Student: 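Structure incoming, see below.
Quick caveat, the model's predicted, so the values are computed rather than measured.
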Amino acid sequence: MQSQPKLPLTSAERTRSALASIPALPFNRTTIVLDPGHGGTDSGARITDRTVEKDVTLALAFRLRSLLTARGFTVVLTREKSEANTPTAPFMPLTLDDRAGMANHERASACLLLHATPSGTGVHLYASELEARTGEVTAGPWLTGQAAWVGQSRAMANEMGEALTRSRLPVVNGAASVRPLDSLTCPALVVELAPLSDDAETINDQSYQQQVAQAISGALVAWQTTAQAPTRLPAVLPGVENRP
């Protein structure tokens with residue numbers, strides 16, 4: 001009987017074959033990724049007549065970076081400015097997929113997606129709504145990369161929520177499936193800063209922002225001692241063949 005000719009491998013099969021032959025990369029327990037939402041022409045939500053979301057998230061990111069660096073962490077920011085320096089040099093923020101790719105490359109112990117809102121009060125924490133998946137991390141759809149980490153992300157949200165409560169700050173703990181949260185391959189949360197009171201201008205209060213940053217950084221120090229990688233971390237980003 002004549003043997004059947006072998007069909008060429010699909011893109012997904014080639015990626016899985018490559019994964020099997022590349023050693024896993026280390027988990028960077030002392031690395032934290034901060035993603036200040038929006039930037040450039042994307043202002044995000046309007047908090048007050050004088051305040052937009054992109055400026056609040058960047059201010060909080062700088063406070064967190066200072067505190068975390070002092071505690072021995074390596075902090076990676078996905079952006080460090082809001083506007084172009086000159087009209088001829090426009091600032092082009094990373095796309096959502098680029099932000100996820102940058103965070104995944106770092107093999108961080110945590111990634112915080114920073115946002116701000118005029119609604120509600122205090123700090124809103126959101127883990128992914130994806131169904132938790134345990135065990136070995138292998139190549140999979142780009143938009144569900146967070147599934148293997150959901151359990152740890154929820155545990156980190158609890159740790160952070162308790163730290164904020166001890167600091168007498170209002171906190172809301174919930175779940176949401178948003179981009180790029182669902183594509184992140186590390187413990188990850190959306191951290192959304194709301195005003196401290198009914199006065200939306202309190203979101204800009206320096207002592208309030210510093211109090212939030214101190215509580216979060218303290219929680220991440222505690223989290224660092226308990227964070228664990230899954231059985232195996234893939235050597236390349238999961239599901240690259242499925243990216244938009």
Side-chain angles (χ1 to χ4, degrees), residues 19 22-37 57 60-61 64-65 67-69 71-79 94-115 125-161 163 173 175-192 216-240 242-243:
L19 277 172
I22 302 175
L25 294 179
F27 176 56
N28 296 323
R29 191 174 293 278
T30 59
T31 297
I32 302 290
V33 174
L34 302 177
D35 177 38
T57 60
L60 181 59
L64 282 168
R65 181 173 65 177
L67 291 168
L68 289 168
T69 299
R71 287 163 169 78
F73 285 96
T74 298
V75 180
V76 178
L77 265 63
T78 59
R79 72 177 174 97
L94 296 173
T95 66
L96 294 178
D97 282 330
D98 288 339
R99 291 177 189 226
M102 181 177 178
N104 291 349
H105 176 75
E106 297 297 332
R107 309 282 169 168
S109 61
C111 179
L112 304 184
L113 307 180
L114 305 180
H115 287 271
L125 304 175
Y126 300 102
S128 173
E129 287 182 337
L130 290 171
E131 184 178 352
R133 175 166 53 86
T134 59
E136 182 174 334
V137 179
T138 58
W142 175 253
L143 297 180
T144 59
Q146 176 64 194
W149 299 91
V150 168
Q152 288 206 57
S153 297
R154 291 171 182 165
M156 182 169 66
N158 291 335
E159 182 98 42
M160 202 169 291
N173 211 323
S177 282
V178 297
R179 297 179 65 190
L181 178 62
D182 289 346
S183 297
L184 295 173
T185 55
C186 67
L189 296 174
V190 173
V191 177
E192 185 178 60
I216 291 175
S217 60
L220 288 173
V221 170
W223 170 253
Q224 179 192 26
T225 65
T226 59
Q228 296 180 355
T231 307
R232 170 185 168 84
L233 290 173
V236 298
L237 300 180
V240 290
N242 296 322
R243 286 182 63 174

Student: Not counting sequence neighbours, which residues clear salt bridge (charged side-chain N to carboxylate O under 4.0 Å, His left out) with Arg65? List them please.
Tutor: Glu80
Student: Can you check whether Met102 reaches Val76 side chain to side chain, under 4.5 Å on heavy atoms?
Tutor: yes
Student: Backbone N or O of Gly37 within a donor-acceptor pair of the Arg79 side chain at under 3.5 Å?
Tutor: yes
Student: Are the side chains of Val150 and Glu131 in touch, meaning some heavy atoms are under 4.5 Å apart?
Tutor: no
Student: With a 4.5 Å heavy-atom cut-off, do Ile32 and Ser109 have their side chains touching?
Tutor: yes
Student: Any sub-3.5 Å donor-acceptor pair from Ser153's side-chain atoms to Ala188's backbone N or O?
Tutor: yes
Student: Do Leu34 and Val75 come close enough that some side-chain heavy atom pair is under 4.5 Å?
Tutor: yes
Student: Do Asp97 and Arg179 come within less than 4.5 Å of each other through their side chains, counting heavy atoms only?
Tutor: yes
Student: Answer yes or no: is there a donor N or O on one side and an acceptor on the other, between the side chain of Ser177 and the main chain of Glu129, under 3.5 Å?
Tutor: yes
Student: Side chains of Leu220 and Met156: does their closest heavy-atom pair fall under 4.5 Å?
Tutor: yes
Student: Does Gln146 reach the main-chain N or O of Cys186 with its side chain, forming a donor-acceptor pair under 3.5 Å?
Tutor: yes
Student: Side-chain contact, heavy-atom cut-off 4.5 Å: Arg99 with Leu113?
Tutor: no
Student: Identify, with sequence neighbours excluded, every residue that meets side chain to side chain donor-acceptor pair (under 3.5 Å) alongside Thr78.
Tutor: Asp35
